[in-house]
2 protein chains.
Amino acid sequence: MPESHYPEIRALNLFEGMDETHFQSLMRGAYVQNFPPQIELIGEGEPSDFLHVVLSGSVDLFSSWNGRETSLATVRPISTFILAATIRNAPYLMSARTLEKSRIVLIPSQDVRAIFDVDSNFARAIVAELAQCYRAVIKSQKDLKLRTSLERLANYLLRQQKRAGGGAAFELDFEKRRLASVLGMTPENLSRAFKGLQPYGLIVDGIRVSIGNQAELEKFAKPNPLIDDFTL
Amino acid sequence: MPESHYPEIRALNLFEGMDETHFQSLMRGAYVQNFPPQIELIGEGEPSDFLHVVLSGSVDLFSSWNGRETSLATVRPISTFILAATIRNAPYLMSARTLEKSRIVLIPSQDVRAIFDVDSNFARAIVAELAQCYRAVIKSQKDLKLRTSLERLANYLLRQQKRAGGGAAFELDFEKRRLASVLGMTPENLSRAFKGLQPYGLIVDGIRVSIGNQAELEKFAKPNPLIDDFTL
DNA sequence: CAAGCCGCTTGATTTTTGTCAAGCCAGCAA
DNA sequence: TTGCTGGCTTGACAAAAATCAAGCGGCTTG
């Protein structure tokens with residue numbers, strides 16, 4: 001792998017505290033690859049041969065069963081995915097595909113496990129990362145089980161608004177069909193859900209969204225840090 | 001804490017590889033308490049002061065929002081809960097209540113974090129545990145998003161049957177109302193779902209269940225190890 | 001024993017969500 | 001330009017699930 005990528009990878013929480021020798025050793029076995037959009041990187045059920053790091057572009061994690069499919073998460077630069085499978089040396093639970101042209105680092109799982117065994121700073125960083133991921137999924141579970149689709153959309157919009165800087169107008173960072181899947185509904189229903197939020201001053205034009213009545217929307221959405229605050 | 005409990009706690013995956021001195025030090029700060037049924041042990045949002053270990057009885061992990069409530073998991077002996085919150089020193093995301101008379105060990109979170117920093121075997125065990133928990137929630141997420149309530153019930157029954165030994169007849173280990181909540185439906189709907197499985201030879205009498213036509217039920221449920229195998 | 005409670009079930013109804021079919025429209029290529 | 005394509009929207013309908021109300025039956029308690 002070209003050394004030019006080292007600093008950005010090294011800067012990740014996961015790698016920043018580890019021994020330099022160990023980091024070099026991990027990087028020696030790793031390689032970077034460029035993928036076009038819509039390429040399936042891994043399939044659920046396959047053995048976890050590589051820990052992946054997204055350097056640029058974005059990756060969709062999804063799963064299928066009985067002819068149905070659902071998006072579980074989107075990975076954006078710079079972060080890793082399928083850490084848990086790598087650590088447990090267990091099959092992937094999700095498939096992954098590129099959403100756009102993406103540059104991805106592949107680090108052999110056995111190297112990760114080997115370094116994990118000898119570098120306790122790395123092990124600790126992995127703990128922090130896994131605990132974070134675990135809590136994120138729990139929040140998502142609560143979102144799904146406690147809220148209707150309209151409420152999920154409203155809260156998603158409020159979160160996205162905050163991420164985009166907090167202004168009344170902002171842009172969706174998903175294709176709508178995939179947003180629907182992430183939120184656990186059909187595209188048709190998402191369309192109707194957007195209309196259902198019009199009474200709260202919501203205006204949607206393609207990818208652009210604007211919240212006309214912030215107070216009313218929040219009153220309806222009832223955002224809760226224990227579900228919606230992803231830093232917690 | 002009475003030393004008589006040490007061996008059973010020590011035997012947990014989480015603690016078995018750690019240094020004896022560190023284990024003793026953890027146990028010194030810990031204490032055991034007996035709780036009656038239906039006692040709320042922790043509330044979501046509270047700071048994570050203790051790592052909990054269930055020695056006997058059982059504990060329901062649940063969450064509320066906007067007047068609704070849902071069960072997210074049940075903890076049975078002998079295992080720990082709210083490890084992730086303890087590690088991240090973050091507020092609990094779920095509340096916990098005893099389902100029956102339960103004996104529970106409370107280990108101060110700061111002790112856990114301190115030992116975690118100095119005992120790398122302990123840190124590694126925590127990684128394994130967290131990765132396992134993470135994967136369990138992902139499976140549950142897939143179950144919720146990809147299956148109808150009837151399918152979820154059918155697969156739950158098949159899992160439970162396997163846990164109970166694999167015979168055609170077995171018992172539910174949940175109160176039905178809580179099973180409904182775990183499966184993400186109302187008690188009324190669970191009742192109807194049981195009836196909906198009659199064509200597959202299902203007979204339910206109170207807590208006792210018997211599967212008349214195993215092959216047909218499996219054909220309907222389409223169990224998948226990447227969702228239903230909790231050892232994976 | 002009777003009364004009352006609680007969990008479970010059932011039926012009727014409403015709400016929510018998904019499905020199917022059709023049409024719209026921006027973007028793109030010939 | 002024309003004619004695609006694919007994502008999005010819309011309407012009509014069907015299915016799934018929640019809600020409301022009532023009743024059943026086992027259990028405890030006075």
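Chain identifiers are assigned alphabetically (A, B, ...) following the order of the sequence lines, protein sequences preceding nucleic acid strands; residue numbering begins at 1 within each chain. Please read these numbers as outputs of a predicted model, since none were measured by experiment.
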List the atom of A/Ala221, the atom of B/Trp65, and the distance in Å for their closest heavy-atom pair. O-CZ2, 3.1 Å
Could you go step by step and tell me if B/Arg163 and B/Phe230 meet the side chain to side chain contact (heavy atoms under 4.5 Å, CB included) rule? CA-CA 11 Å; B/Arg163 280 214 294 156; B/Phe230 278 62; over 6 Å; no
Is there a side-chain polar atom (N or O) of B/Ser191 under 4.0 Å from OP1 or OP2 of C/dC8? no
Reckon B/Thr148 touches a base, only the sugar-phosphate, or nothing at all at heavy-atom distances under 4.0 Å? sugar-phosphate
Please report the C-alpha distance between B/Tyr6 and B/Phe15 in whole Å, then the side-chain angles of each, then the deciding distance to 0.1 Å, and finally whether the side chain to side chain contact (heavy atoms under 4.5 Å, CB included) criterion is met. CA-CA 10 Å; B/Tyr6 285 19; B/Phe15 302 109; over 6 Å; no
Regarding A/Arg97 and the six-membered ring of A/Phe62, is the cationic atom NZ or CZ under 6.0 Å from the ring centre and inside 45° of its axis? yes
Between CG on residue B/Leu144 and CG on residue A/Leu144, distance to nearest 0.5 Å: 6.5 Å
Phosphate OP1/OP2 of C/dG18: any A/Asn189 side-chain N/O under 4.0 Å: yes
Nearest-Å distance for atom pair CZ/C1', residues A/Arg147 and C/dT17: 19 Å
Looking at B/Val75, B/Ile42, B/Thr80, B/Leu83, which one forms a side-chain contact (heavy atoms from CB on, under 4.5 Å) with B/His52? B/Ile42
Report each atom pair, protein N/O against N/O of nucleotides 13-15 of chain C, whose distance is under 3.5 angstrom.
none

Hey, does A/Val204 have a side-chain heavy atom less than 4.5 Å from the side chain of A/Lys176? yes
So which nucleotide from C/dT17, C/dA12, C/dT9 ends up closest to the side chain of B/Arg192? C/dA12
Taking the side chain as everything from C-beta on, heavy atoms only, tell me whether B/Thr70 gets closer than 4.5 Å to A/Lys142. no
Does the C/dC8 base have a donor-acceptor partner in the side chain of B/Glu188 within less than 3.5 Å? no
Map A/Leu150 and B/Gly206 onto DNA chain C by nearest heavy atom, then report which one ends up closer to the 5' terminus. B/Gly206
In whole Å, what is the span from the CD atom of A/Glu69 to the P atom of C/dG18? 15 Å
Mind checking whether A/Arg147 and B/Asn66 have side chains closer than 4.5 Å, heavy atoms only? no
A/Ile207 CD1 to C/dG27 C1', straight-line distance once rounded to whole Å: 15 Å
Rounded to whole Å, how long is the line connecting atom CD of B/Gln198 with atom C1' of C/dT9? 12 Å
For a side chain to side chain contact (heavy atoms under 4.5 Å, CB included) check, start with the C-alpha distance between A/Ser181 and A/Glu69, then their side-chain angles and the critical distance, and finish with the verdict. CA-CA 8 Å; A/Ser181 183; A/Glu69 182 183 308; 6.0 Å; no
Taking for each residue the nucleotide of DNA chain C with the nearest heavy atom, is it B/Arg178 or A/Met185 whose nucleotide lies nearer the 5' end? B/Arg178
Between CG of A/Leu190 and P of C/dT16 the distance, given in whole Å, is 17 Å
Span of DNA chain D in contact with chain A (heavy atoms, under 4.0 Å): D/dG7 to D/dA12
Where do N or O atoms of nucleotides 22-25 of chain C meet protein N or O atoms at under 3.5 Å, pair by pair?
none

Can a donor-acceptor pair be found between the side chains of B/Thr98 and B/Gln38 at a distance below 3.5 Å? no
When you look at A/Ile104 and A/Val32, which way does the side chain to side chain contact (heavy atoms under 4.5 Å, CB included) test go after all the steps? CA-CA 6 Å; A/Ile104 291 167; A/Val32 186; over 6 Å; no
Taking the minimum atom-to-atom distance to the side chain of B/Lys176, which one of C/dT9, C/dT19, C/dT17 wins? C/dT9
How close or far is atom C1' of C/dC8 from atom CZ of B/Phe174, stated in whole angstroms? 18 Å
